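What you see is a predicted model; the values in this text were computed from it and never measured. Whatever order the structure lists them in is the order used to number ligands and atoms, beginning at 1.
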Amino acid sequence: MLKSKEHQNQEGYVSQYLDIVTCTQMKEIEQQANEAGLSYYKMMENAGNAAVRFIVEKSQKIENRINDAIIFCGKGNNGGDGYVVARELAVRGMNVTVVMADGQPKTEDAIKNANIVLRRGIPVIDAKAYFQDIPEIVEAADIVVDAIYGTGFHGSFQKTVRDCAKLINDGSKSDTKKMVFALDIPTGLNGDVGEPDADTVVADYTIAFHRLKPVHRLKEASPYCGEVVVASIGID
Ligand SMILES: NC(=O)C1=CN([C@@H]2O[C@H](COP(=O)(O)OP(=O)(O)OC[C@H]3O[C@@H](n4cnc5c(N)ncnc54)[C@H](OP(=O)(O)O)[C@@H]3O)[C@@H](O)[C@H]2O)[C@@H](O)CC1
Ligand SMILES: [K+]
């Protein structure tokens, strides 16, 4: 799984990667990296920061002003990446709101990163309790980040997640300048077979971590993924 350097641009993003790994293989790769000393926490940190570099690069092209960003986080490690993105976009001066789309974070690293977000005073809305507050924030947002589910998604949406996904999709239809960034995989797509939920998030950009997953190359999934880039999370 060597990187093809000629496809890598200055920032380390890759628009074309030949290597594809399944979601199960990706988990094994992460486990091996963790055992070799690159902690899961550090990989999450790297994933979130790589996504932020890409988002900032793209958002500077919208217009020269402070951007409003809304980050939808799930309860797993994809959500954990989202909490890193939220914190780092706030550091870069954006007005950031986080939505817990599927309740409190459940994994150790997602919990740690959610706590950092809370300590920094970044607003966090629990969609299950305060869904009514979210539409106007989506409406005003320049940047929407989908960090609800990644490689761990299976089945179909529960109600609140479906409502959040619909909001993201309706919001992006109403404002052509709003950019939707999916972390790793647009929420609603199965990473291996690409089978979409009816309300799968439609992203402008998908930032795949470490390697493409099968879904990123499936023609049926392409309308949901938008432009796909691959970002390093520090694994050789
Ligand atoms: N490994 C690492 O350290 C790194 C991982 N990274 C990132 O993490 C992502 C993988 O993380 P993940 O394995 O936690 O899976 P994720 O996609 O967040 O979802 C799992 C959660 O969703 C739930 N769930 C699923 N379907 C559901 C449904 N229909 N309805 C309701 N719930 C549902 C599921 O529940 P369960 O199936 O356990 O009941 C579980 O709670 C990966 O894409 C990358 O972005 C990077 O940070 C690099 C380091
Ligand atoms: K996602």
Enquirer: Backbone N or O of V144 within a donor-acceptor pair of the K178 side chain at under 3.5 Å?
Expert: no
Enquirer: Please report the C-alpha distance between N34 and S39 in whole Å, then the side-chain angles of each, then the deciding distance to 0.1 Å, and finally whether the side-chain hydrogen bond (donor to acceptor under 3.5 Å, both in side chains) criterion is met.
Expert: CA-CA 5 Å; N34 182 60; S39 68; 5.3 Å; no
Enquirer: Donor-acceptor pair, D146 side chain versus F181 backbone, under 3.5 Å?
Expert: no
Enquirer: I'd like to know if K27 contacts ligand 1, where contact means a heavy-atom distance under 4.0 Å to any ligand atom.
Expert: yes
Enquirer: Within a distance under 4.0 Å of any heavy atom of G76, pick out the atoms of ligand 1 and give their elements.
Expert: 14 (O), 18 (O)
Enquirer: Could you find the nearest protein heavy atom to atom 14 (O) of ligand 1 and give me its residue, atom name and distance?
Expert: N77 N, 2.9 Å
Enquirer: Of the side chain and backbone of E30, name the one, both, or neither that has a heavy atom under 4.0 Å from an atom of ligand 1.
Expert: side chain
Enquirer: Once you restrict to heavy atoms under 4.0 Å, what part of N78 touches ligand 1? Side chain, backbone, both or neither.
Expert: both
Enquirer: Would you give the angle at the K ion (ligand 2) between T187 atom OG1 and Y149 atom O, to the nearest 10°?
Expert: 60°
Enquirer: Closer than 4.0 angstrom, basic N to acidic O: yes or no for K112 and E45?
Expert: no
Enquirer: Taking only Lys NZ, Arg NE, NH1 and NH2, and the carboxylate oxygens of Asp or Glu, determine whether D204 and K58 approach each other closer than 4.0 Å.
Expert: no
Enquirer: So among L183, V145, I207, which one has a side-chain contact (heavy atoms from CB on, under 4.5 Å) with D81?
Expert: L183
Enquirer: Decide whether E35 and Q31 meet the rule of one side-chain donor and one side-chain acceptor closer than 3.5 Å.
Expert: yes
Enquirer: What is the nearest protein non-hydrogen atom to atom 40 (C) of ligand 1, stated with its residue, atom name and distance?
Expert: K75 CE, 4.3 Å
Enquirer: Below 3.5 angstrom, do we get any N/O pair linking G152 and ligand 1?
Expert: yes
Enquirer: Atom 17 (O) of ligand 1: which of A51, G48, G150, S156 has the nearest heavy atom?
Expert: G150
Enquirer: Specify the protein heavy atom at minimum distance from atom 10 (C) of ligand 1: its residue, its atom name, and the distance to 0.1 Å.
Expert: T151 OG1, 3.2 Å
Enquirer: Determine yes or no for a side-chain-to-main-chain donor-acceptor pair under 3.5 angstrom, with D184 supplying the side chain and G150 the backbone.
Expert: no
Enquirer: Give a yes or no on whether the backbone of V193 and the side-chain of N190 come within a donor-acceptor separation of less than 3.5 Å.
Expert: yes
Enquirer: Any N/O of D184 closer than 3.5 Å to an N/O of ligand 1?
Expert: yes
Enquirer: Need the ligand 1 atom indices (1-based, order shown) with element for anything under 4.0 Å from a heavy-atom of Q158.
Expert: 30 (N), 31 (C)
Enquirer: Knowing that exactly one of T187, D102, D197, N78 qualifies, which makes a side-chain hydrogen bond (donor to acceptor under 3.5 Å, both in side chains) with Y149?
Expert: D102
Enquirer: What do you reckon, does I148 have a nitrogen or oxygen under 3.5 Å from a nitrogen or oxygen of ligand 1?
Expert: no
Enquirer: Identify, by atom number and element, the atoms of ligand 1 in contact range of D102, meaning under 4.0 Å from any of its heavy atoms.
Expert: 31 (C), 32 (N)
Enquirer: Going by the closest heavy atom to atom 39 (O) of ligand 1, which one wins out of H210, H154, E45?
Expert: H154
Enquirer: Under 4.0 Å between a Lys/Arg side-chain N and an Asp/Glu carboxylate O for R92 and E88?
Expert: yes
Enquirer: Looking only at N, O or S atoms, find the one in D146 nearest to the K ion (ligand 2) and name it.
Expert: O
Enquirer: Closer than 3.4 Å to the K ion (ligand 2): does that hold for any N, O or S atom in A147?
Expert: no
Enquirer: Verify, without hydrogens or angle tests, whether K219 (side chain) and R217 (backbone) share a donor-acceptor contact under 3.5 angstrom.
Expert: no
Enquirer: Can any side-chain N or O of D142 pair as donor or acceptor with the backbone N or O of S59 at less than 3.5 Å?
Expert: no
Enquirer: Would you kindly specify which portion of N46 sits under 4.0 Å from ligand 1, judged on non-hydrogen atoms: side chain, backbone, both or neither?
Expert: neither
Enquirer: Please state which protein non-hydrogen atom is closest to atom 3 (O) of ligand 1 and give its distance, to 0.1 Å?
Expert: Y40 CD2, 2.9 Å
Enquirer: Who gets closest to atom 30 (N) of ligand 1 by heavy atom: Y149, F153, F209, Y41?
Expert: Y149
Enquirer: Just which atoms of ligand 1 are under 4.0 Å from any heavy atom in M44?
Expert: 47 (O)
Enquirer: Do any N/O/S atoms of L183 come under 3.4 Å of the K ion (ligand 2)?
Expert: yes
Enquirer: Just by modelled atom types, is the A208 backbone N or O under 3.5 Å from a matching donor or acceptor in the T206 side chain?
Expert: no
Enquirer: Counting only heavy atoms, tell me which of L183, D81, T187 gets closest to atom 47 (O) of ligand 1.
Expert: D81
